[in-house]
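Below is one structure, written out as structure tokens; comments come after it.
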Amino acid sequence: QVQLVESGGELVQAGDSLKLSCAASGGPVSTYTMGWFRQTPGKEREFVTGIIWNGERAKYADAVKGRFTISRVNSKSMLYLQMNTLKPEDTAVYYCALRRSLIVEIPIMANEYEYWGQGTQVTVSS
């Protein structure tokens with residue numbers, strides 16, 4: 001089955017930029033919607049952004065619009081999240097996810113995605 005591995009999370013200061021990566025392996029990914037979610041202790045996993053199979057359409061949560069950019073390079077089985085102007089409230093474990101469906105849509109509910117990475121910690125200090 002598909003395996004997803006996130007990397008790039010670290011401690012940064014408010015206003016800084018950071019780029020997360022998600023490497024996929026073990027199966028085809030280039031035809032599926034992928035996305036990023038984040039979660040803090042005691043809270044539900046939250047949709048951050050998603051992108052359709054060919055990278056031509058994306059969706060963003062209101063909290064990150066204008067600051068975060070999702071992209072993918074299917075030839076390398078890679079998904080990226082460029083995060084700019086980071087805020088302390090962006091602190092969370094960030095997860096890469098894949099939706100195993102050929103329907104071209106970007107769900108915002110976590111249970112619509114079947115494959116998940118282990119997460120990478122992003123901490124933004126004030």
Side-chain angles (χ1 to χ4, degrees):
Q1 66 175 21
V2 174
Q3 295 178 336
L4 305 174
V5 180
E6 305 94 335
S7 62
E10 62 181 73
L11 172 64
V12 298
Q13 296 180 346
D16 284 354
S17 296
L18 191 64
K19 188 173 184 177
L20 306 183
S21 298
C22 172
S25 63
V29 299
S30 62
T31 58
Y32 302 116
T33 291
M34 297 184 71
W36 291 94
F37 289 74
R38 64 189 183 186
Q39 189 168 27
T40 56
K43 293 189 175 182
E44 193 171 281
R45 193 164 295 188
E46 173 191 20
F47 175 81
V48 177
T49 179
I51 188 168
I52 64 169
W53 68 277
N54 62 6
E56 294 183 355
R57 177 157 52 88
K59 181 184 292 182
Y60 296 90
D62 288 343
V64 306
K65 286 180 180 177
R67 299 189 297 119
F68 290 12
T69 303
I70 189 172
S71 62
R72 66 194 297 169
V73 180
N74 287 338
S75 63
K76 297 181 179 180
S77 296
M78 295 292 293
L79 180 74
Y80 302 100
L81 180 63
Q82 177 65 50
M83 303 182 291
N84 298 327
T85 319
L86 282 161
K87 304 175 180 180
E89 51 262 46
D90 295 319
T91 295
V93 176
Y94 283 72
Y95 296 90
C96 172
L98 180 148
R99 184 171 190 262
R100 196 177 63 183
S101 173
L102 297 179
I103 299 175
V104 184
E105 61 182 19
I106 307 174
I108 63 172
M109 300 299 295
N111 62 11
E112 295 283 351
Y113 295 77
E114 291 79 27
Y115 294 94
W116 295 86
Q118 84 290 348
T120 185
Q121 176 71 48
V122 173
T123 302
V124 185
S125 64
S126 300

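What's counted below: heavy atoms across the whole structure, side chains too, no hydrogens, waters or symmetry copies.
- Val48 and Met83 fall within the same hydrophobic cluster, where Ile, Leu, Val, Met, Phe, Trp and Tyr residues are linked whenever their side-chain heavy atoms come under 4.5 Å apart, directly or through other members.
- Closest heavy-atom contact between Val29 and Ala24: CG1-CB, 3.7 Å.
- For the pair Tyr60 and Ile70, the tightest heavy-atom approach, listed with the atom from each and the gap, is OH-N, 2.9 Å.
- Atoms NZ and OG1, on Lys19 and Thr69 in that order, are 10.0 Å from each other to the nearest 0.5 Å.
- Between the Ser21 side chain and the Leu79 main chain, no donor and acceptor come within less than 3.5 Å of each other.
- At least one donor-acceptor pair under 3.5 Å links the side chain of Asn74 to the backbone N or O of Trp53.
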So Tyr32 and Arg99, side chain to side chain donor-acceptor pair (under 3.5 Å) or not? Walk me through it. CA-CA 6 Å; Tyr32 302 116; Arg99 184 171 190 262; over 6 Å; no
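- Using a 4.5 Å cut-off between side-chain heavy atoms of Ile, Leu, Val, Met, Phe, Trp and Tyr, with links allowed through other members, Leu81 and Ile106 fall into different hydrophobic clusters.
- Looking only at distances, a side-chain donor or acceptor of Tyr113 sits under 3.5 Å from a matching main-chain atom of Pro107.
- Minimum heavy-atom separation, Cys22 to Leu4: SG-CB, 4.0 Å.
- Side chain of Arg72 to backbone of Thr33: no donor-acceptor contact under 3.5 angstrom is found.
- Using modelled atom types, one side-chain atom of Glu114 and one backbone atom of Arg100 make a donor-acceptor pair closer than 3.5 Å.
- Between the Thr91 side chain and the Val124 main chain, a donor and an acceptor come within less than 3.5 Å of each other.
- Of the possible polar contacts, one joining the Thr49 side chain to the Lys59 backbone as a donor-acceptor pair under 3.5 Å is found.
- The two residues Phe37 and Ile108 make their nearest non-hydrogen contact at CE2-O, 3.6 Å.
- One finds the CZ atom of Phe68 at 8.0 Å from the CG atom of Leu20 (value rounded to the nearest 0.5 Å).
- Note that OG1 of Thr123 and CD of Gln13 are 13.0 Å apart. Values are rounded to the nearest 0.5 Å.
- Under the 4.5 Å side-chain heavy-atom criterion for grouping Ile, Leu, Val, Met, Phe, Trp and Tyr, Tyr80 is not connected to Trp36 through any hydrophobic cluster.
- Residues Leu98 and Leu102 are members of one and the same hydrophobic cluster, defined by side-chain heavy-atom contacts under 4.5 angstrom among Ile, Leu, Val, Met, Phe, Trp and Tyr.
- You'll find the side chain of Thr120 stays beyond 4.5 Å of the side chain of Ser7, heavy atoms only.
- Here the side chains of Arg57 and Val104 are in contact, with some heavy-atom distance below 4.5 Å.
- The side chain to side chain donor-acceptor pair (under 3.5 Å) test with Tyr94 is passed by exactly one of Arg38, Glu6, Gln39, Gln121: Arg38.
- Residues Asp90 and Arg67 meet the side-chain proximity criterion, which asks for heavy atoms closer than 4.5 Å.
- Scanning all heavy atoms of the two residues, the minimum distance from Gly9 to Leu18 falls at CA-CD2, 4.3 Å.
- Atom OG of Ser126 sits about 8.5 Å away from atom CD of Glu89, to the nearest 0.5 Å.
- For the atom pair Gln3 CD and Ser77 OG, the distance stands at 12.5 Å (nearest 0.5 Å).
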